[in-house]
Amino acid sequence: MSSSSSSSTHPPIRKTPTTSFESLNNYDEQFPPLTGGSKKKKVSPTSEVDLGSTKPSSSCKSSQFQNWTRGKHRDQGTRRRRASLFIDEEVNGTTFEVGAGTAGSQTSVVELDSINPSSPGKSSQSHNSKIRKVRNSGFKSRDQSPKRREDPPFDICSSVLDTSINDWALADETNGETVEVSNKHRVLRPGMVLLKGFLSHDIQVDIVKTCRELGVKPAGFYQPGYRVGSKLHLQMMCLGRNWDPQTKYGENTDIDSKAADIPVAFSVLVEEAIREAHALIDRESGTEDAERILPVMSPDICIVNFYSETGRLGLHQDRDESQESIVKGLPIVSFSVGDSAEFLYGEKRDVEEAQGVHGVKSIIPNSAPMSLLNESNLRTGRLNLTFRHF
Ligand SMILES: O=C(O)CCC(=O)C(=O)O
Ligand SMILES: [Fe+2]
C-alpha cells in the first residue's frame, strides 16, 4: 500500500535489521502467506484464507491473521505502527465486509493509515456480514521482463461496456443473496477507521475518468516488478512523484516518465476524508484528540493500483516514506473503487519481526456497482488510490 512502517524507523527494535524486513515486503507473494518465524505457532492455512469467506467469524478465530493481531508486543511502548481507516460504499444495499475488519466494498473503500504509538487494538471481527463466495484466482506464471513501459500504458476502461459483466452482476443480485450492511463509519482499531459511503457515485465516476485519462499517457499504468523478473499482479501509476517496488522512492533508470501532478480534486477529497475520520474518532472517544492519532496529511504522492479479477498484492508494510513522515505519524489515505476485494490486515505477519502488515488477497469478481461501470466504462476490477506524504 503505502510507505514506511514503523519498523524501518526504529532500528533498535529490529532483530535482524535487513533481511527480516526485506523479505517481509514481497508484493508479489502468493496467498496464503505462510508462517514466518520459527517460533511462530503453526496454524491452518485454510483458516487464514478463510478470511472473507462465507464463514468469516468462525474461521477467523484460529487464523494466523489473529496471531498477527495477538502477537506479543514486547516493545509496545517504543514501536510506532500504522493504523487504518476504511471508507466503503454501499451499492444496491450490498456491502462486503471481509474478515477481521477488512472492508472490500461494492464501490469504494477509503483507508487511512497512520503511524501512531498507541497500543495495538484487537482485530475487528466481521460484523453482520455475509460474504459472497470468492472464486480463487489463478496464479499466473512470472513474467521475466524487468523492464517497465515496454508496452503501451494499460487502459483501465474498456471502449465498450462488456455486457457479460452486467449479466453476471444481475444474476448475482437476483440470487437472493443479501449482504447486510454494518456500521457505515467506524473505527476498526485505534487509528484505523472505515468510512463506508464516503465517495459518492459521481465522485467515483470522476476518479475513474481522471485516472483513465492520466493512465493512458506515457507515465500512466504499467505492470511494476523487480529486477529479478517477477512482477506485481496489478497495474500501477504514480502521481506527484514516482515509487516502485524495486527502487522505492529512489532513482529508477527504467522509469523515464515524470509523474503527473496529483489532481487538486483528489487532494481535496483526502482532506475531507481526514476531517471525517477526525470527527468520527472524536465522537467515539469523547475527546478532541483525533489529530494526534491521525495527523493531517497533505499528499505529495498518490499510487494508483488497478487489480483485474486475478489481481492481488502480497502482505507488506508501508514503510518507504521519509523518516520525517514516519516520525510525524502521517496517515495514508486509500480510496477504492470498483470491485470489492479481500483486504487483509493484521498486526504481525511474523510475531518476532514485524507488525502492521496488509495485502489484497483477491478481487471479488463482478462485485462493482453496475451504475459505475455503465457511466465510467471501468474494466472489471478494482481501482485503489493510496495517498501519502513522502
Ligand atoms: O489496494 C489496496 O487496497 C492496497 C494497496 C497497497 O497496499 C499499497 O499500494 O501499498
Ligand atoms: Fe500498502
Side-chain angles (χ1 to χ4, degrees), residues 1-10 79-89 103 108-121 184-200 203 206-207 210 238-241 243 249 259-304 317-337 345 356 358 384-390:
M1 207 178 295
S2 42
S3 62
S4 55
S5 86
S6 42
S7 352
S8 59
T9 63
H10 298 278
R79 259 187 180 177
R80 285 177 163 256
R81 67 185 182 83
R82 285 186 188 276
S84 307
L85 172 153
F86 302 84
I87 300 176
D88 217 346
E89 291 298 323
S108 66
V109 177
V110 174
E111 171 194 337
L112 299 183
D113 272 354
S114 77
I115 308 162
N116 71 57
S118 59
S119 61
K184 291 192 107 187
H185 291 194
R186 60 196 170 96
V187 177
L188 299 175
R189 61 170 66 178
M192 180 181 272
V193 184
L194 167 65
L195 303 178
K196 291 187 180 185
F198 179 78
L199 302 171
S200 69
I203 287 175
D206 283 350
I207 288 174
T210 305
C238 291
L239 304 175
R241 60 182 295 164
W243 175 93
Y249 288 101
D261 290 343
I262 299 175
V264 173
F266 284 9
S267 299
V268 170
L269 279 174
V270 169
E271 207 178 296
E272 287 170 2
I274 294 174
R275 211 177 304 135
E276 187 75 27
H278 284 164
L280 179 66
I281 292 169
D282 282 344
R283 241 184 353 260
E284 292 217 344
S285 66
T287 65
E288 294 189 349
D289 224 12
E291 245 185 79
R292 189 183 57 79
I293 296 166
L294 212 67
V296 168
M297 185 271 304
S298 163
D300 59 7
I301 173 163
C302 170
I303 299 176
V304 188
Q317 291 184 319
D318 291 327
R319 56 188 168 85
D320 297 333
E321 279 75 38
S322 68
Q323 180 88 351
E324 194 191 351
S325 181
I326 290 161
V327 168
K328 283 186 182 160
L330 298 186
I332 291 170
V333 179
S334 168
F335 298 160
S336 295
V337 171
Y345 68 84
H358 57 272
N384 172 265
L385 292 76
T386 50
F387 297 89
R388 316 125 192 267
H389 185 92
F390 174 75

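All heavy atoms count here, side chains included; hydrogens, waters and symmetry mates do not. Residue numbers count from 1 along this sequence.
- Side-chain contact between D261 and L239 is absent, with no heavy atoms from C-beta onward closer than 4.5 Å.
- Judged as a side-chain contact (heavy atoms from CB on, under 4.5 Å), and not counting sequence neighbours, the contacts of A290 are H278, I281, D282.
- When all heavy atoms are compared, the tightest approach of M297 to V333 is CE-CG2, 3.8 Å.
- Nearest heavy-atom pair across T210 and P263 is CG2-CG, 3.8 Å.
- From I274, atom CD1 reaches atom CG of L269 across 11.5 Å, with rounding to the nearest 0.5 Å.
- Scanning all heavy atoms of the two residues, the minimum distance from A259 to C238 falls at CB-O, 3.4 Å.
- Listed for the S325 side chain is a donor-acceptor partner under 3.5 Å among the backbone atoms of H389.
- Taking 4.5 Å as the limit, every side-chain heavy atom of S267 sits out of range of all side-chain heavy atoms of S298.
- E271 pairs by the side chain to side chain donor-acceptor pair (under 3.5 Å) definition with R275, not counting sequence neighbours.
- Residues that satisfy the side-chain contact (heavy atoms from CB on, under 4.5 Å) test with R241, not counting sequence neighbours, are Y249, D300, I301, F390.
- For V264, the side-chain contact (heavy atoms from CB on, under 4.5 Å) partners two or more places apart in sequence, or in a different chain, are V268.
- Partners of S285 under the side chain to side chain donor-acceptor pair (under 3.5 Å) rule, at least two apart in sequence or in another chain, are T287.
- Side-chain contact between P190 and I293 is absent, with no heavy-atom pair separated by less than 4.5 Å.
- Remark: E284 engages no residue in a side chain to side chain donor-acceptor pair (under 3.5 Å) (not counting sequence neighbours).
- When all heavy atoms of I262 and C302 are compared, the pair lying nearest together is CD1-N, 3.8 Å.
- Rounded to the nearest 0.5 angstrom, R283 CZ and H185 NE2 are separated by 8.5 Å.
- Ring pair F198/F335 is tilted by interplanar angle, where 30° to 60° counts as tilted.
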- Message: Quick one, S334 with N384, criterion side chain to side chain contact (heavy atoms under 4.5 Å, CB included). Give me CA distance, side-chain angles, the key distance, then yes/no.
- Response: CA-CA 7 Å; S334 168; N384 172 265; 2.8 Å; yes

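- Side-chain contact between F387 and I303 is absent, with no heavy-atom pair separated by less than 4.5 Å.
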